[in-house]
Amino acid sequence: MSDTPTPSDGASEFRRLWNQLAPVGRLSNGGYRRFSWTPEHARLRSWFVEQAELRDLKVETDANGNMFATWGTGDDKAVLTGSHFDSVPGGGAYDGPLGIVSAFLAIDRLREEGFTPSRPITVADFVEEEGGRFGVPCLGSRLSTGAVAPDKARSLTDADGTTYAEALTAAGFDPDALGQAPQPAQRFERFVELHVEQGKSLVYGDRAVGVASAIWPHGRWRFDFTGEGDHAGTTHLTDRRDPMLTFAFTVLAARKAAAQEQALATVGRVAVDPGATNAIAAHVSAWLDARAPDEETLGRILSRLDDQARQRAVKDGTEVAITCESQSAVVNFDHRLRDRISELLGDAPILPTGAGHDAGVLSTELPTAMLFVRNPSGVSHAPAEGATDEDCGTGVQALATVLKEFTR
Ligand code: GLV
Ligand code: MN
Ligand code: MN
């Protein structure tokens, strides 16, 4: 299939289904808050079940909370597609849900063509992909591969102190059963995740759809800076033990280290205790997201930051503790699968990405690939993230083409 314009009914078909999800979790600025195991998440998951039932797909939820809707029966391993519903706080609409909506529509297309798959096709919703609520990204897929231990998952907490175990219980799951699901490689033959592009390569290349080559290694580290709370108006500068200073220094040091290493480092989340305008902070927690072209570089950035933050803490009379909350190795998507898909889609461009995905997690277990759909702004994890209905229609057709090829 070449990147020729999709008939506009592809665009309107997409829009019709997309509009059903659009109000769920939408904020007044057009962004989204769709945290795992919240009422918004429950609405999205009910919609998933409804759509599956409308299509006579078999719905299963595994012990990790991941949902699967399967077309076709038999003992053959299924071709897996789909993505995730959850968002970062204030994120865009497309990161995740685009892959699920496109999967249902791709099945519709194949049925309209009268196609019968030779092996089942399964649409997935993987839970807590963003780690927006509980901090560890791709939690549902990592639990399923064993990359995260159930004990660790159960004890993760959200910003209000609710544990993952408590959130699961409230949603009707048994937290003690976490991890007790079949390994993905036992059920699935390959995984193709369609996703909005998080960058502008397809805009510059003037193509609607691309194929992923690799994901940079990345991780999340929590920095806890401890000092001493005191009065902002009565404490002499030289008597202070202000963790905000160590924190501010560390943010700048991270940025500098990333620039020197041609990597990326971001501190996008911070919590200050007590958080009063007229009090010196007692404690600052900050979360660093760092990504680099290779693992050595990432390791170098972290060890440099560790040294620099500790040296600065001595100067400020504070203490610093650094905890790795998650780390993801480099992912090189299956070359043969990637090249085959690119060829099928009329030499679709092959692009690397800095973003993490469930497809990256599953790539350690089975052949995985990703399709990217053009994002005019290039922005992601923010309200400006998007894709035109026309391009989404083209994405659906591309996914249908790929699913058909692998289930002939
Ligand atoms: C997920 O989108 C991530 O890259 O953090
Ligand atoms: Mn994301
Ligand atoms: Mn995503």
Side-chain angles (χ1 to χ4, degrees), residues 21 25 31-36 41 44 48 66 80-103 123-142 147-148 156 191-199 210 212-222 258 263-269 287-293 298 324-331 333 351-363 368-375 377-387 392 395 399:
L21 297 183
Y32 282 83
R33 185 184 178 91
R34 291 167 164 171
F35 273 6
S36 305
H41 192 217
L44 294 163
F48 183 96
N66 302 312
L80 182 65
T81 184
S83 192
H84 62 95
F85 279 129
D86 66 304
S87 77
V88 299
Y94 289 74
D95 177 351
L98 181 63
I100 297 177
V101 169
S102 301
V123 183
D125 160 40
F126 283 108
V127 293
E128 188 70 355
E129 191 272 352
E130 299 287 8
R133 181 169 174 199
F134 291 97
V136 173
C138 300
L139 189 59
S141 57
R142 282 186 213 256
V148 166
L156 294 170
F191 178 29
V192 182
E193 180 175 0
L194 178 146
H195 206 275
V196 68
E197 194 198 350
Q198 298 169 294
S213 57
I215 302 180
W216 275 16
H218 56 282
R220 298 181 182 189
W221 289 265
R222 176 182 168 137
L264 297 167
T266 309
V267 179
R269 178 179 166 204
W287 284 262
L288 170 78
D289 176 310
R291 312 187 185 217
L298 193 57
C324 179
E325 291 198 333
S326 69
Q327 203 161 353
S328 306
V330 67
V331 173
F333 287 109
L351 331 161
T353 174
H357 299 284
D358 295 310
V361 172
L362 264 58
S363 71
T368 59
M370 291 191 74
L371 301 183
F372 291 132
V373 173
R374 175 165 52 195
N375 172 354
S377 69
V379 171
S380 188
H381 287 183
E385 176 187 280
C392 293
L399 184 61

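Just follow the structure's listing: the first ligand is 1, and inside any ligand the first atom is 1.
Side-chain contact between V331 and M370 is absent, with no heavy-atom pair separated by less than 4.5 Å. Counting only heavy atoms from C-beta outward, the side chains of Y94 and S380 never approach each other to under 4.5 Å. At least one side-chain heavy atom of P137 sits less than 4.5 Å from a side-chain heavy atom of R142.
Listing protein N, O or S atoms at distances below 2.8 Å from the Mn ion (ligand 3), with waters left out, gives H84 NE2, D95 OD1, H195 NE2.
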Return a table of N or O atom pairs, ligand 1 on one side and protein on the other, at distances under 3.5 Å, rounded to 0.1 Å.
unit_1   : atom_1 : unit_2 : atom_2 : d
ligand 1 : 2 (O)  : E130   : OE1    : 3.1
ligand 1 : 2 (O)  : H381   : NE2    : 3.1
ligand 1 : 4 (O)  : R291   : NH1    : 2.8
ligand 1 : 4 (O)  : R291   : NH2    : 3.2
ligand 1 : 4 (O)  : G356   : N      : 2.7
ligand 1 : 5 (O)  : R291   : NH2    : 2.9

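Across all their heavy atoms, V127 and H41 have their closest contact at CG1-CE1, 4.1 Å. Nearest heavy-atom pair across A103 and V123 is CB-CG1, 3.6 Å. Nearest heavy-atom pair, G135 versus R220, reported as atom, atom and distance to 0.1 Å: O-NH1, 3.0 Å.
For W287, the side chain to side chain donor-acceptor pair (under 3.5 Å) partners at least two apart in sequence or on another chain are E325. For the ring-ring contact (aromatic ring centres under 6.0 Å, His included) test, residues two or more places apart in sequence or in another chain that qualify with H195 are H357.
Interatomic distance, CG of D86 versus OG of S36, reported as 4.0 Å (0.5 Å rounding).
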